[in-house]
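Right, one structure below, let's go through it.
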Amino acid sequence: MKYKTIGRTGVQVSSLCLGTMTFGNEADEEVSRNIFDRCRERGLNFIDTADVYGNGRTEEIVGRLLQDCRDEWILCSKFQGRTGPGPNDRGCSRLYLKRAVEASLRRLGTDRIDFYFIHNFDPLTPLEETLCGLNDLVREGKILYPAISNAAAWQIMKGLGISDRRDLPRFECVQPMYNLVKRQAEVEILPMAQSEDLGVIPYSPLAAGLLSGKYMSPGTGKGRIADNQFYRARYDEEDYRETVRLFIAFCAERHWNPATVATAWTGSHPAVTAPIIGARNVEQIETALGVIDFDMTPQLRTEITALSKSPPLATDRRDEQMGMFLH
Ligand SMILES: NC(=O)c1ccc[n+]([C@@H]2O[C@H](COP(=O)([O-])OP(=O)(O)OC[C@H]3O[C@@H](n4cnc5c(N)ncnc54)[C@H](OP(=O)(O)O)[C@@H]3O)[C@@H](O)[C@H]2O)c1
């Protein structure tokens, strides 16, 4: 297993992060433990969860899994999603943050969360307020590093600017969606992360299962995209289906498992620290762990990238046109 420094922290994390969204959902506690044990055997030391997964059940399971080995693992959790019916049972206010972290620590059975992510940007709370709240938690030792998921680059940069100006702990890690069909992160977030030395742990490297190829014949595949309308809508684009067809043919010619190759592709962007892998059973996690022995060369990455449509440039202006102003 390869370990990498995350952000400017000096912390060494495995180049795969174990996602736990299925724990207590598609995977019962025994299966979750088998997935966790397998990842531990292969050298993973990095785990991601959130307060909203399984309405708190997931964090409880993660807490029990880490009971005897907490210090081996770098633990990420998230807050901001709704956890109750009240107007303040969600969000990024200092008021809610305090309650959210205490509840997560209780479920996780630990005294600290290592990377604490804002799950989604909260338009109702100024970032300064949230960063001051996160600073309090760092001072209290309840979290070590603030982090942010699903945010636009300008929101992340705004946060970094506030931290710098106010001498507050900065976001050390970002968690965008990133896979062969959803490549928006390449435009702003990944270059920003390289420029600012941020850790990057992208989620959904398999496009929620789509890139395994199991949905190629309509109505046949079983899993999240078949079961969940929200995910079905997210990936319901003809361009994506075309990329999946090309990608599956590309892997089949070489006798490669597409789930392994898709995860390796996400992990091979130079800005990426560790893709977050997810599974409902041990067979699925094995395909993701195949990445450890898979050699995704820059040439291979280029060939696979060409199977999907590139997102438009951030400036709507092509590099070759820029050249005439630079030279
Ligand atoms: N920050 C956020 O907003 C956010 C959002 C989503 C996820 N996450 C984190 O990222 C982790 C990974 O995300 P993800 O689950 O969306 O990742 P993903 O890799 O895109 O999808 C994983 C899913 O694909 C299917 N799968 C896996 N291996 C397969 C195989 N070999 N063949 C066929 N199907 C296979 C399984 O679902 P089925 O069996 O149901 O098809 C599995 O649960 C989560 O656990 C969570 O920790 C964060």
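Order of listing sets the numbers, starting from 1, for every ligand and every atom in it.
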### Message
For atom 41 (O) of ligand 1, what is the closest protein heavy atom, and at what distance to 0.1 Å?
### Response
Lys214 NZ, 2.6 Å
### Query
Out of Glu26, Gln175, His119, whose heavy atom sits nearest atom 48 (C) of ligand 1?
Gln175
### Closest protein heavy atom to atom 46 (C) of ligand 1, given as residue, atom name and distance to 0.1 Å
Tyr53 OH, 3.4 Å
### Task
If you have a sec, work out which protein heavy atom is nearest atom 39 (O) of ligand 1 and how many Å separate them, to one decimal?
Arg280 NE, 2.7 Å
### Message
Taking the basic N atoms (NZ, or NE/NH1/NH2) and the acidic carboxylate oxygens, is any pair closer than 4.0 Å for Arg241 and Glu238?
### Response
yes
### Query
Considering distance alone, does some N or O of Thr22 sit under 3.5 Å from an N or O of ligand 1?
no
### Message
For atom 3 (O) of ligand 1, what's the nearest protein heavy-atom neighbour? Residue, atom name and distance, please.
### Response
Asn150 ND2, 2.8 Å
### Query
atom 6 (C) of ligand 1: which of Tyr203, Phe23, Phe117 has the nearest heavy atom?
Tyr203
### Query
Under 3.5 Å, N or O to N or O, is Ala259 touching ligand 1 that way?
no
### Message
My understanding is that only residues two or more places apart in sequence, or in another chain, count here; which of them pass salt bridge (Lys or Arg N to Asp or Glu O under 4.0 Å) with Asp114?
### Response
Arg70, Arg112
### Query
In the protein, what heavy atom is nearest to atom 36 (C) of ligand 1, and what distance, to one decimal place, separates them?
Gln284 OE1, 3.1 Å
### Message
Counting only nitrogen or oxygen atoms and a 3.5 angstrom limit, does Ile276 reach ligand 1?
### Response
no
### Query
Is the closest heavy atom of Met177 to ligand 1 under 4.0 Å?
no
### Leu105 side, atom CG; Tyr116 side, atom OH - distance, nearest 0.5 Å
7.5 Å
### Message
Determine whether a donor-acceptor pair (N or O, by modelled atom type, separation under 3.5 Å) exists between the side chain of Lys214 and the backbone of Lys222.
### Response
yes
### Donor-acceptor pair, side chain of Ser308 and main chain of Thr243, under 3.5 angstrom
no
### Summary
If you scan protein heavy atoms around atom 14 (P) of ligand 1, the nearest is Arg224 NH2, 3.6 Å
#### Entry: Counterpart residues, side chain to side chain contact (heavy atoms under 4.5 Å, CB included), relative to Lys98 (two or more places apart)
Glu102, Glu140, Lys142
### Message
If you take the centroid of each ring, where Trp contributes its six-membered ring, are Trp256 and Phe294 closer together than 6.0 Å?
### Response
yes
### Query
For atom 31 (N) of ligand 1, which protein heavy atom lies nearest, and how many Å away is it?
Thr287 OG1, 3.0 Å
### Query
Would you call the rings of Tyr235 and Tyr231 parallel, tilted or perpendicular if under 30° counts as parallel and over 60° as perpendicular?
parallel
### Query
Please state which protein non-hydrogen atom is closest to atom 32 (N) of ligand 1 and give its distance, to 0.1 Å?
Ser212 CB, 3.6 Å
### Task
With atom 13 (O) of ligand 1 as the reference point, say which of Ser204, Gly278, Gly19 has the nearest heavy atom.
Ser204
